[in-house]
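Working notes, structure below.
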Amino acid sequence: MADPSSPDVVSDLPEHRYDAAVAQRIEGEWQDRWEAEGTFHTPNPVGPLSEGFDAVADRPKQYVLDMFPYPSGVGLHVGHPLGFIGTDVYARYLRMTGHNVIHTMGYDAFGLPAEQYALQTNTHPRVTTEANIANMRRQLRRLGLGHDPRRSISTTDPAYYRWTQWIFLQIFGSWYDADAQRARPVTELEAELDAGTRAPAPGTNPSGTPWPELDPSGRRAVLNAHRLAYLAEVPVNWCPGLGTVLSNEEVTADGRSERGNFPVYRRPMKQWMLRITAYADRLIDDLDHLDWTDAIKAQQRNWIGRSTGARVSFATPAGALDVFTTRPDTLFGATYMVVAPEHPMVPALTAASWPDGTPASWTAGAAAPGAAVSTYVTTASRRSDLDRQTDTKEKTGVFTGTYATNPANGEAVPVFVADYVLMGYGTGAIMAVPAHDHRDFEFARSFDLPIVEVIRPSAAWLSDHGAVEGAPASTWPDAYVGDGVAVNSANAEVSLDGLAVADAKATITAWLEAEGLGEGTVQFKLRDWLFSRQRYWGEPFPIVFGDDGEPRALPESALPLVLPPMEDFSPKTSDDESSEPEPPLGRVTEWTTATIDLGDGEGPQEYRRETNTMPNWAGSCWYELRYLDPTNTATFVDPENERYWMGPREPGDVGGVDLYVGGVEHAVLHLLYARFWHKVLFDLGHVSSREPFRRLFNQGMIQAYAYRDERGFPVEAADVVKDGDRYLLAGTEVTRELGKMGKSLKNAVAPDEMCERYGADTLRLYEMFGGPLDQSRPWDTTAVVGMYRLLQRIWRLFVDEDDGTPRTSFDEPSEDTTRALHRTIDAVRDGMETLRFNTSIARITELTNHLTAAYPDGGVPKDIAEPLVLLLAPLAPHIAEELWARLGHESSLTYQDFPVAQEDLLVEDAVEIPVQVNGKVRSRIIVPVAADAAAIETAARDDEKVAALLADATVRKVIAVPGKMVNFVVG
RNA sequence: GCCCGGGUGGCGGAAUGGCAGACGCGGAGGACUCAAAAUCCUCUGUCCGAAAGGGCGUGCGGGUUCGAGUCCCGCCCCGGGCACCA
């Protein structure tokens, strides 16, 4: 393709044609002017940014937000700004429809990617991060995005992370009051403990010493164990390849790090945890109030994984063995039990010798249970999580030699150790009901255990599975997990027989509770959030440790706790699973200890600093709040500003950002964490909104063709040429595939390149025209020219290409053209409201084509030209501003009223409608729009073609829909 | 296995249950030009036909309806998420 911006091609083109050079000149000029005039400055109700608020106070507000980017070293490719352009078009439309719109952009610059880039380039991350942000700002500015530049933040700025640390201290300073269903300050807990109105929560006071008798250190330990941010020795995801631990959300399904794809190992370590599990119910329940896609809601629900069931206690010689089950109704069918290899009761459950009659297959060939169990447990511990998850075909396990008692029917049931039961979920032990659980069925088959039917399968299931009605469950080909009526489920006190599953669950749970054998419970898959990282480039924790080893909060006056400069900030990575994490900050010896007065009455003391840093997610958990009040030094956001921009609209409303646009990849990471932080801030009274993001929209991904040579290596996509059906690189055929745009597939296209070849407005239109914003689509550089041509045609309607003089007129537009304009206005608005900008662009194209045909020699009336420019403005703002100025307007069109369609002009006098015979279109007739059913039927019968078709047929029925169609049913 | 999306021309995509394929790319032809580029105009789902016209067409099979891309039932395929979660 020819490069229209190259001089030898341009030479004999009309001087004033809209080409890349003209576009870039216009774009630069308008970007400068917007900046100089502060066009996109948005006033706040109060505080430093409140100037000008009175003028817009009566307008409705809108908060339009993008997921802010990582400032990566390679800069943006054209896939990145898809969502940014979408929100910009929408925000510009909202400004033109009378809204006070807040829209800005920040940078999520802490964390692994930034640190890894710094390591690669052997430069301090502060330096690379700032350079990358500057480059990205330049790239985004070039796209003409209407951001309020005063509100931009970077998470790495001490003025920003000062408040990240402050929020952490709020979390550290809180505990979850399960009765009140909300977080409360720990000071209130302490007061209640002192007053004796509350006892320490279970598990928070291991010594068992009553609160009044505890020494200060013991009391501190009890309080610390209640906090929403706490240190705990728990199995964590240790990633030696990155030299840090990771959260569950950062580990992929196959047990590797999401960043870098390094192996991850489960190991107990003492780390910071955030008690997100306290919010599990609310995080699920409040999804109902959010305008998010079902897909994202489903992913969050799935990740939180709420299961309702019962805890049931089985008596064993080693004491009570508790299990969690979602099917307490099948308790009578529990014919054996399984504990996870890591279960703490395994040693106690292991008998001294095999009971008489133990089948050989249960013993793994060992002479005694002790040998069999220890061999099995050792083997299981060596198997990686990956093995245990993928190897689901063959169930393994050994008998412990111990029998438990089924509390429902008093039967002795053998207890097995098997790795298909996971220590990390429920109690790490299960009651096995082989007749009604696929896994238990499989295990029972392997070990020849009894399979007892306690739910009667449906007849359909029996016949589908070739099972005979009334035959024993042991002859079934598989477990029956469906609904049905309970059978074989009665003892002297309770009978489930005849009850449906739901009723049986309720009945047996009530009985278990009455007998003290169990209780109804809710179980979650969600674990607490592992919050510390052994990396340099993150927020330092505002925490110090005293001699007792218990953490203490730094006073607010010590914030920000600035990240100390380091020459060598590299993490200690390893490929050794047994290596120990070593936070880089631990090497800054002059920083790790400090004498501080914590304001707790102890006076200045020497303390040891926490040397871990926060994960990169910390900064993104609250940035939407900081945009509201970015320069406030007294608080993280003034409550009045928060209430104005994000507060509930009516009682019961959850509040939040009006539109949040970003990629689907954050479904369970950022979006879950940010909701959690927001809810803590809500509980503590710092924000009025219960949820951060009222409406979420996931933009699609721009994919790109990638090409590989015969060895399978990607080749520079830009150098490949098409030859018929083949793709050639320097004459050699290469294969084509569609993939993610990026460096690794050598198929990235930079927005700068598109701006140079066509201008930013063309790029914006092309990105918006490809399809609905939520759809992924391939990038096709050759198709960009379509939008370029559109802008050239529009330009030509206004500007003489040869001498640059205006071409519009003051003529009265024809009725035809006026109607076309109003139909366009109506359709463009619809596309804007529904974020289907592709249809808006199509309608603008149609109007342009109409005007080109109607006014071939120029002279488009101003009454048409002006609305056309305004319709185009949100999509292609630079050319629209330029044409608006050339039409004689002095100020920016940013706050001009968006055109409104006149209803009466949308209705045509006459319409062409199809006439069908038996549902097939046979003719078309033109009828007055107001014609009733009888009139259009008559008109249809008068049509020649229709009359011929009806001539020798019997009309059985006529459907005539005024303004739509006529259908004759003949037969 | 379970849970979400999604299947419409060569491609991206349009269509409140009422004219399938708007708009754009690509392709074919033409105008302008010494020539080309750029620009503009015409055509472009598919099959039969010289044409007029007609048949067939929204992943597959049924159904509801005067009428289905759209609603219902059962499948197939593609993409994403979760996955021995009791």
Side-chain angles (χ1 to χ4, degrees), chain A residues 1-2 4 8-14 17 19 253 293-299 301-303 305 307 309 323-327 330 338 388-393 395 418-422 424-433 437-440 442-443 523-525 664-665 667-668 698 722 725 765-766 769-772 774-787 789-790 792-793 796 801 827 836 838-846 848-849 852-853 856 912-921 923-924 945 956-961 963-970:
Chain A
M1 119 153 316
D8 55 321
V9 175
V10 164
S11 58
D12 61 345
L13 284 179
R17 169 164 294 178
D19 61 15
T293 62
D294 289 338
I296 296 281
K297 287 188 186 184
Q299 276 190 56
R301 284 197 191 96
N302 201 335
W303 188 262
S307 298
V323 302
F324 171 75
T325 177
T326 56
R327 293 296 302 275
T330 62
V338 183
R388 280 177 68 166
Q389 278 168 17
T390 51
D391 184 16
T392 60
K393 292 170 204 103
K395 295 264 183 296
D419 66 3
Y420 83 91
V421 171
L422 309 173
Y425 184 76
T427 64
I430 63 156
M431 66 177 214
V433 185
D437 181 280
H438 295 299
R439 296 151 302 183
D440 298 345
E442 210 180 307
F443 190 85
Q523 188 68 42
F524 296 94
K525 276 198 266 182
V664 71
E665 67 274 13
V668 291
N698 295 113
K722 194 177 173 190
D725 304 339
L765 281 179
Y766 175 71
F769 186 63
D774 55 352
Q775 209 146 76
S776 293
R777 71 295 287 268
W779 176 266
D780 181 5
T781 297
T782 63
V784 176
V785 72
M787 293 297 105
R789 287 179 191 147
L790 170 64
Q792 285 185 327
R793 285 204 298 278
R796 200 152 40 227
E801 290 192 329
R836 283 151 62 234
N838 54 325
T839 61
S840 294
I841 296 169
R843 296 290 90 83
I844 290 173
T845 308
E846 278 180 325
T848 304
N849 292 346
T852 320
E912 189 187 69
I913 62 168
V915 181
Q916 304 175 349
V917 177
N918 284 347
K920 287 192 190 293
V921 179
S923 185
R924 298 188 168 95
K945 287 183 209 159
R956 294 186 185 280
K957 193 171 176 183
V958 182
I959 294 97
V961 183
K964 293 283 187 194
M965 46 72 70
V966 183
N967 186 13
F968 293 98
V969 185
V970 303

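Chain letters run A, B, ... following the sequence lines, proteins first and then strands; every chain starts at 1.
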Checklist entry - On a whole-Å scale, what distance lies between the C1' atoms belonging to B/rU8 and B/rG69? => result 7 Å
Item to check | From B/rA86, B/rC23, B/rG5, nucleotide with atom closest to A/D294 side chain | outcome: B/rG5
Checklist entry - What is the distance, rounded to the nearest whole Å, between atom CZ of A/F324 and atom P of B/rA86? => result 7 Å
Checklist entry - Quick one: is A/N849 getting a side-chain N or O under 4.0 Å of the B/rG24 phosphate, OP1 or OP2? => result yes
Checklist entry - Would you call A/N698 and A/T293 a side-chain contact if the rule is heavy atoms closer than 4.5 Å? => result yes
Next on the checklist: Applying a 4.0 Å non-hydrogen cut-off, can you work out what A/A842 is touching in the nucleic acid: base, sugar-phosphate, or nothing?
Outcome noted: base
Next on the checklist: Between A/Y766 and A/D780, does the side chain to side chain donor-acceptor pair (under 3.5 Å) criterion hold? Intermediate values first, please.
Outcome noted: CA-CA 10 Å; A/Y766 175 71; A/D780 181 5; 5.4 Å; no
Next on the checklist: Under 4.0 Å, counting only non-hydrogen atoms across every strand here, what does A/K525 touch: a base, just sugar-phosphate, or nothing?
Outcome noted: base
Next on the checklist: Counting the atoms with a prime plus P, OP1 and OP2 as sugar-phosphate, which does A/T293 contact under 4.0 Å by heavy atoms, base, sugar-phosphate, or nothing?
Outcome noted: nothing
Item to check | Side chain of A/A298 - closest among B/rC19, B/rC3, B/rC23 | outcome: B/rC3
Checklist entry - Where does the angle between the aromatic ring planes of A/F443 and A/Y420 fall among parallel (under 30°), tilted (30 to 60°) and perpendicular (over 60°)? => result tilted
Checklist entry - On a whole-Å scale, what distance lies between the C1' atoms belonging to B/rU64 and B/rG79? => result 31 Å
Item to check | Whole-Å gap separating P (B/rC4) and CH2 (A/W303) | outcome: 19 Å
Item to check | Separation of atom OH in A/Y425 from atom C1' in B/rA83, rounded to whole Å | outcome: 13 Å
Next on the checklist: For B/rG27, does the O4'-C1'-N9-C4 or O4'-C1'-N1-C2 angle fall within 90° of 0, making it syn, or is it anti?
Outcome noted: anti
Checklist entry - On a whole-Å scale, what distance lies between the P atoms belonging to B/rG80 and B/rA15? => result 26 Å
Checklist outcome for this item: Between CZ of A/R17 and P of B/rA37 the distance, given in whole Å, is 14 Å
Item to check | Heavy-atom check, side chain of A/M787 versus side chain of A/I841, under 4.5 Å | outcome: yes
Item to check | Contact check, side chains of A/Y425 and A/T427, non-hydrogen atoms, under 4.5 Å | outcome: no
Checklist entry - P atom, B/rU46 versus B/rC11: distance in rounded Å? => result 12 Å
Checklist entry - Taking C-beta and beyond as the side chain, do A/T845 and A/R843 meet within less than 4.5 Å on heavy atoms? => result no
Item to check | Pairwise C1' distance for B/rA14 and B/rG45, with rounding to whole Å | outcome: 15 Å
Checklist outcome for this item: Of the candidates B/rG18, B/rC23, B/rC19, the side chain of A/E846 sits closest to B/rC23
Next on the checklist: Just so I know, are the side chains of A/L790 and A/F769 near enough to count as touching, which here means a heavy-atom distance under 4.5 Å?
Outcome noted: no
Item to check | Backbone of A/V970 reached by a side-chain donor or acceptor of A/N918 within 3.5 Å | outcome: yes
Checklist entry - Can you give one letter per nucleotide of nucleotides 9-15 of chain B, going 5' to 3': B for a protein heavy atom under 4.0 Å from the base, S for sugar-phosphate only, - for none? => result ---BSSS
Next on the checklist: At less than 4.0 Å, is any side-chain N or O atom of A/R789 found next to OP1 or OP2 of B/rU39? Yes or no.
Outcome noted: yes
Item to check | Candidate nucleotides B/rC66, B/rG24, B/rG26, ranked by approach to the side chain of A/N967 - the nearest | outcome: B/rC66
Next on the checklist: Mind checking if A/R301 touches a base, just sugar-phosphate, or nothing, with heavy atoms under 4.0 Å?
Outcome noted: nothing
Checklist entry - Rounded to the nearest Å, what distance is computed from the CZ atom of residue A/F524 to the P atom of nucleotide B/rA86? => result 12 Å
Item to check | Per A/Y420 side chain, nearest of listed nucleotides B/rC23, B/rC84, B/rG26 | outcome: B/rC84
Checklist entry - When the distance from CG of A/L790 to P of B/rU39 is rounded to whole Å, what number comes out? => result 13 Å
Next on the checklist: What's the gap between B/rG54 and B/rC2 when it is taken at their P atoms, as a whole Å value?
Outcome noted: 49 Å
Checklist entry - Is the distance from OP1 or OP2 of B/rC41 to the nearest side-chain N or O of A/R793 less than 4.0 Å? => result no
Next on the checklist: For A/R793 and A/N849: C-alpha separation, side-chain torsions, deciding distance, then whether side-chain contact (heavy atoms from CB on, under 4.5 Å) applies.
Outcome noted: CA-CA 8 Å; A/R793 285 204 298 278; A/N849 292 346; 3.2 Å; yes
Checklist entry - A/Q916 near the nucleic acid: base, sugar-phosphate alone, or nothing, with a heavy-atom cut-off under 4.0 Å? => result base
Next on the checklist: Contact between A/D437 and A/R327 at the side-chain level, heavy atoms closer than 4.5 Å - yes or no?
Outcome noted: no
Checklist entry - What's the CG-C1' distance between A/D774 and B/rG79, to the nearest Å? => result 14 Å
Checklist outcome for this item: Listed range with range, the stems formed with RNA chain B by at least 3 consecutive Watson-Crick or G-U pairs (under 3.5 Å) are B:1-7 with B:76-82, B:10-12 with B:23-25, B:26-31 with B:39-44, B:45-48 with B:53-56, B:59-63 with B:71-75
Item to check | Side chain proximity check, A/Q916 to A/F968, heavy atoms < 4.5 angstrom | outcome: no
Item to check | side-chain contact (heavy atoms from CB on, under 4.5 Å), paired with A/M431, selected from A/D440, A/V338, A/T325 | outcome: A/T325
Item to check | Residue whose nearest RNA chain B nucleotide is more 5′ - A/M965 or A/M787 | outcome: A/M965
Item to check | Listed nucleotide nearest any side-chain atom of A/K395, set B/rC4, B/rC84, B/rC82 | outcome: B/rC84
Next on the checklist: If I pick the P atom on B/rA52 and the same atom on B/rG57, what distance separates them, to the nearest angstrom?
Outcome noted: 23 Å
Checklist outcome for this item: Here the distance between atom C1' of B/rG67 and atom CD1 of A/I913, to the nearest Å, is 14 Å
Next on the checklist: Taking only the P atom of each, what is the distance from B/rA51 to B/rA36 in whole angstrom?
Outcome noted: 30 Å
Item to check | Nearest to side-chain heavy atoms of A/P914, which nucleotide of B/rA86, B/rC19, B/rU39 | outcome: B/rC19
Item to check | Side-chain donor/acceptor of A/R796 to backbone N/O of A/T852, under 3.5 Å | outcome: no
Checklist entry - If you look at every strand shown and take non-hydrogen atoms under 4.0 Å, does A/Q792 touch a base, only sugar-phosphate, or nothing? => result sugar-phosphate
Checklist outcome for this item: Of A/K957 and A/E801, the one whose nearest nucleotide on RNA chain B sits closer to the 5' end is A/E801
